[in-house]
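Everything on this sheet refers to the single structure shown next.
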Amino acid sequence: MNSPIQRKTHLDSLAIGLLVVCCAFWGFQQILIKTTVDEVPPLWQATIRFWGATLLLWLWCRARGVALFERDGTLGPGLLAGLLFAGEFAAIYLGLKYTSASRLTVFLYTSPFVVALLLPRVVRTETLRRIQWVGLTIAFAAVALAFSEGFTHAPTGHGIWQGDALGLAAGMLWGLTTLTLRATKLATASAEKTLFFQVGVTALVAPLISLSLNETWRFDYSAAAWTSIGLQTAVGAFASYLTWMWMLRHYPATQMSTFTFLTPVFALVFGVALLGEPLTWQLVVALLGVATGIVLVSRR
């Protein structure tokens, strides 16, 4: 029997701190994937990652006595959330075959608008005020500006619209996943069970997509590659996602979604710091813009 959930109407200092840490790691995770993808194919990399995350989560639940398979009415929405989550990752990886990462990133981060538009229709407490909509728009514009150069100089070709469409689809699927988590019985399920549906279904779907793309499966990778996959698994797909699921049970999803705009900006910052990529004026303005947007959305 789940204990009553104490939901909050605003983001407190704990939530803000956890969100910043999660977004910082997710930005760093993009660097990990980028530096590993030449050695480990992307969907095979995702397969190993979600197999590992599913195992870690199951061990965590066994140790803490968290029930994962009791009948509580969450099976249907749980499978739906898992399929949406898996579909998002599939759309991202497939979209990158046709369009640039910069273009896809901009389309992907339409997700907070999907959440802000649809979630208040079923959860009234998630409605954004006008000033919060302004903040959401500023944050999105800042991300678009940060990726503007790559967005306008993307590879040409007849398939680019397919990549853009897949990026937009990934953003919609991400938003619909959040909607499913907040507007169904999953809203009262444990964070562990909610995450188990998502990583478990993705662990089943990812290898099928990998096989369809004719990716090579092997395990004799370098220590650096395994370190990268280990971090993506233990910190990314397990610890950070579990933290996100816990926060969705206690804080407004519409306000939380705005913080995700930090992730691509952090990725650019880590690219400058770790990969020697150039520091551009767009990145500086984007940091200020996203920060401004977050402040406006987080206002009580």
Side-chain angles (χ1 to χ4, degrees), residues 15-64 82 85-86 88-90 92-93 96 101 104-105 108-109 111 170 174 177 191-192 194-207 209-210 215-248 256 259-277:
I16 291 172
L18 289 174
L19 285 167
V20 170
V21 170
C22 284
C23 290
F25 181 80
W26 294 337
F28 177 61
Q29 183 173 253
Q30 293 187 24
I31 303 298
L32 291 175
I33 295 172
K34 183 176 181 179
T35 56
T36 310
V37 74
D38 289 338
E39 184 175 354
V40 188
L43 265 299
W44 174 231
Q45 192 176 151
T47 297
I48 299 173
R49 174 186 178 189
F50 284 106
W51 281 351
T54 302
L55 176 60
L56 285 175
L57 184 58
W58 179 75
L59 292 173
W60 168 272
C61 292
R62 285 292 301 270
R64 294 177 58 87
F85 187 78
E88 174 199 339
F89 277 88
I92 290 172
Y93 284 118
L96 288 172
L104 189 135
T105 296
L108 175 63
Y109 280 87
S111 171
W174 182 5
T177 301
E192 290 87 350
T194 301
L195 180 59
F196 191 78
F197 278 118
Q198 295 173 83
V199 297
V201 171
T202 305
L204 295 175
V205 172
I209 301 173
S210 177
E215 292 183 347
T216 301
W217 291 15
R218 58 190 183 87
F219 295 95
D220 55 333
Y221 300 119
S222 66
W226 278 116
T227 300
S228 170
I229 294 173
L231 288 172
Q232 292 178 51
T233 301
V235 183
F238 172 59
S240 68
Y241 287 173
L242 185 58
T243 300
W244 177 265
M245 295 304 137
W246 177 83
M247 285 190 288
L248 278 178
M256 285 175 56
F259 270 80
T260 61
F261 288 122
L262 282 171
T263 299
V265 178
F266 270 129
L268 291 178
V269 171
F270 286 127
V272 171
L274 301 178
L275 302 181
E277 296 177 353

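Looking only at side-chain heavy atoms (C-beta outward), Trp244 and Thr260 come within less than 4.5 Å of each other. Residues Val205 and Phe50 form no side-chain contact, since every pair of their non-hydrogen atoms from C-beta on lies 4.5 Å or further apart. Between Pro207 and Trp217, the closest side-chain pair of non-hydrogen atoms falls below 4.5 Å. Inter-residue side-chain proximity for Phe89 and Arg49 is flagged as met; some heavy-atom pair is nearer than 4.5 Å. Counting heavy atoms from C-beta outward, Phe196 and Cys61 have side chains that stay 4.5 Å or more apart. Contact annotation: the side chain of Phe259 approaches that of Val20 to within less than 4.5 Å [non-hydrogen atoms, C-beta and beyond]. In this structure, the side chains of Leu57 and Tyr241 stay at 4.5 Å or more apart for every pair of heavy atoms. In this structure the side chain of Trp60 never reaches within 4.5 angstrom of the side chain of Leu56, judged on heavy atoms.
With hydrogens and angles ignored, the 3.5 Å screen pairs no side-chain donor or acceptor of Trp26 with any backbone N or O of Leu262. Between the side chain of Glu215 and the backbone N or O of Leu43 there is at least one donor-acceptor pair closer than 3.5 Å.
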Criterion side chain to side chain contact (heavy atoms under 4.5 Å, CB included) on Gln30 and Thr263, from CA distance to verdict
CA-CA 9 Å; Gln30 293 187 24; Thr263 299; 3.7 Å; yes

Step-by-step side chain to side chain contact (heavy atoms under 4.5 Å, CB included) determination, Val201 to Phe85:
CA-CA 8 Å; Val201 171; Phe85 187 78; over 6 Å; no

Evaluate Phe28 against Leu274 for side chain to side chain contact (heavy atoms under 4.5 Å, CB included), listing each step before the verdict.
CA-CA 10 Å; Phe28 177 61; Leu274 301 178; 3.6 Å; yes

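Counting all heavy atoms, side chain and backbone alike, Thr202 lies closest to Gly82 at OG1-O, 4.1 Å. Scanning both residues, Ile31 and Ala267, for their nearest heavy atoms gives CD1-O, 3.6 Å. The two atoms that bring Val37 and Pro42 nearest to each other are CG2-CD, 3.6 Å, heavy atoms only. Between Ala46 and Tyr93, the shortest heavy-atom distance links the atoms CB-CE1, 4.1 Å.
Between the CD atom in Gln232 and the CD1 atom in Ile33 there is a gap of 4.5 Å [rounded to 0.5 Å]. For the atom pair OG (Ser240) and CE (Met245), the distance works out to 9.0 Å, reported to the nearest 0.5 Å. For the atom pair CD of Gln45 and OH of Tyr221, the computed distance is 9.0 Å after rounding to the nearest 0.5 Å. To the nearest 0.5 Å, the span separating CH2 on Trp226 from OG1 on Thr233 amounts to 8.5 Å. Atoms OG1 and CD, on Thr36 and Glu39 in that order, are 7.5 Å from each other to the nearest 0.5 Å. Distance OG1/Thr54 to CG/Leu59: 11.0 Å, rounded to 0.5 Å.
In this pair, Phe261 and Tyr109 present their aromatic rings tilted. The plane angle is within the 30 to 60° band.
In this structure, Arg62 places its CZ atom where only 12 or fewer heavy-atom neighbours from other residues, nucleotides or ligands lie under 6.0 Å away.
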